[in-house]
There are 2 protein chains.
Amino acid sequence: MTVEPKKYAEGSFTDDYLLFLLAQASAVASEAFHAELRNSGLRVSTWRILASLYPEEVLTVGALAQTCLLKQPTLTRALDRMERDGLLKRVHSTKDRRSVFVKLTPQGHELTQEKVHMAKSHERRILSGFTKPQAAEIKNVLHSLLDRLGHRKKLTEKRAETDPL
Amino acid sequence: MTVEPKKYAEGSFTDDYLLFLLAQASAVASEAFHAELRNSGLRVSTWRILASLYPEEVLTVGALAQTCLLKQPTLTRALDRMERDGLLKRVHSTKDRRSVFVKLTPQGHELTQEKVHMAKSHERRILSGFTKPQAAEIKNVLHSLLDRLGHRKKLTEKRAETDPL
DNA sequence: CGCGAAAATATTACTTTGAATATATTCCAA
DNA sequence: TTGGAATATATTCAAAGTAATATTTTCGCG
């Protein structure tokens, strides 16, 4: 990325502290889209669950909790609501009967598709402030952070292979 | 940053969606440090407030809510607790009597100093997985995102200049 | 001026979250 | 093979968050 390095010699310690920069960038970037979601009657957590299962993922509750950044008890209750509303269904694993797989229903898929369009549109809007290579670099940086922090590995292991019919 | 571009052609839509990458990077990067904080008896929100005021910032409640990513009512209650515990104090602005400035007490400053050391140590640990230029590039990307999204501007306007003695 | 709209913070009432725990199942070592 | 540790999910309940609203003060305009 070839943007001039800025020195925020401002005041607070937080002005150049990695965890704050990440949290703030995430919050500020998401703000507008999250407002759209709520206006259309969806909570952020519901959206994250739907999006993580889109288009055809089948994940255990635990794996889903990780991608969605939700604690397991929070997720379980969200799943209750969404299952009741016909957006997804739970399938008990036959191999390990402790595990529960989650997948979208056709109805859930349809709703998600619509929101994914909104999400992509919003993403384009944000990245439109950057050149193509800059935009690529932003995602690149985030991908490598996640890799180094050993995030993705754990998750892909949990993706259902063939179990749930 | 010169890390090879990885294609997560995995499965889910979210695997290359900016807002998810940001939220996940933030969560995963913070995980360990936030656990440290809780073990030492501090909530994340309390830490954010302390850190935002360190070393000698004087911010209004509203400005503080923004940097800390807290809703104003949430912050007000946290400030009640922290003021009660002697970590900070509120000073009513004389220019605009609606505004309330917040600043650390010496005791709050001392506690924060200690935690800031932990935070910096943790940050080094995370960035140690990268070369110097890569690490710089990570922060660079986040700074430019925040700039383009028009974050910092609003905040610096709210920093107290000379009002609270 | 004076009054209605806007702004900053506090308060209230309700909802959501999550740490701790329970339950069910699987894994593993003796 | 069996009993204890580990794992996956569900449940519970106290704590934290927040939308809506109240309160106080300032601003802008006729």
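Chain letters run A, B, ... following the sequence lines, proteins first, then strands; residues in each count from 1.
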J.: Once you round it to whole Å, what is the distance between C1' of D:dA20 and CZ of A:Arg38?
T.: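 Checked: the CZ to C1' distance equals 15 Å.
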J.: Would you please test B:Leu87 and B:Ile49 for side chain to side chain contact (heavy atoms under 4.5 Å, CB included) and show each step?
T.: CA-CA 10 Å; B:Leu87 296 176; B:Ile49 293 166; over 6 Å; no
J.: B:Ala119: what forms a side chain to side chain contact (heavy atoms under 4.5 Å, CB included) with it, not counting sequence neighbours?
T.: A:Phe13, A:Tyr17, B:Phe33, B:Trp47
J.: In whole angstrom, give the distance that lies between atom NZ of B:Lys95 and atom C1' of C:dA8.
T.: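 B:Lys95 atom NZ is separated from C:dA8 atom C1' by 17 Å.
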J.: Do B:Ser40 and B:Glu36 have a side chain donor and acceptor closer than 3.5 Å?
T.: no
J.: Whole angstroms only, please: what is the CG-C1' distance between A:Asp96 and C:dT25?
T.: 7 Å
J.: May I ask you to test the B:Leu70-B:Arg48 pair for a side-chain heavy-atom distance under 4.5 Å?
T.: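 A side-chain contact under 4.5 Å is absent here.
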J.: Polar atom pairs between nucleotides 9-18 of chain D and protein, under 3.5 Å, N or O only, would you list them?
T.:
unit_1	atom_1	unit_2	atom_2	d
D:dT9	OP1	A:Val61	N	3.1
D:dT9	OP1	A:Val100	N	3.2
D:dT9	OP1	A:Val100	O	3.3
D:dT9	OP2	A:Gly62	N	2.8
D:dA10	OP1	A:Arg90	NH1	3.0
D:dA10	OP2	A:Thr76	OG1	2.9
D:dA10	OP2	A:Arg90	NH1	3.2
D:dA10	N7	A:Gln72	OE1	3.3
D:dA10	N7	A:Gln72	NE2	2.6
D:dA10	N6	A:Gln72	OE1	3.4
D:dA16	OP1	B:Arg43	NE	3.1
D:dA16	OP1	B:Arg43	NH2	2.5
D:dA16	OP2	B:Arg43	NH2	3.0
D:dA16	O5'	B:Arg43	NH1	3.4
D:dG17	N7	B:Arg77	NH2	3.1
D:dG17	O6	B:Arg77	NH2	3.1
D:dT18	OP2	B:Thr74	OG1	3.1
D:dT18	O4	B:Arg77	NH2	3.4

J.: May I have the step-by-step check of side chain to side chain contact (heavy atoms under 4.5 Å, CB included) for B:Thr76 and B:Arg90, ending in yes or no?
T.: CA-CA 11 Å; B:Thr76 288; B:Arg90 285 189 249 220; 4.2 Å; yes
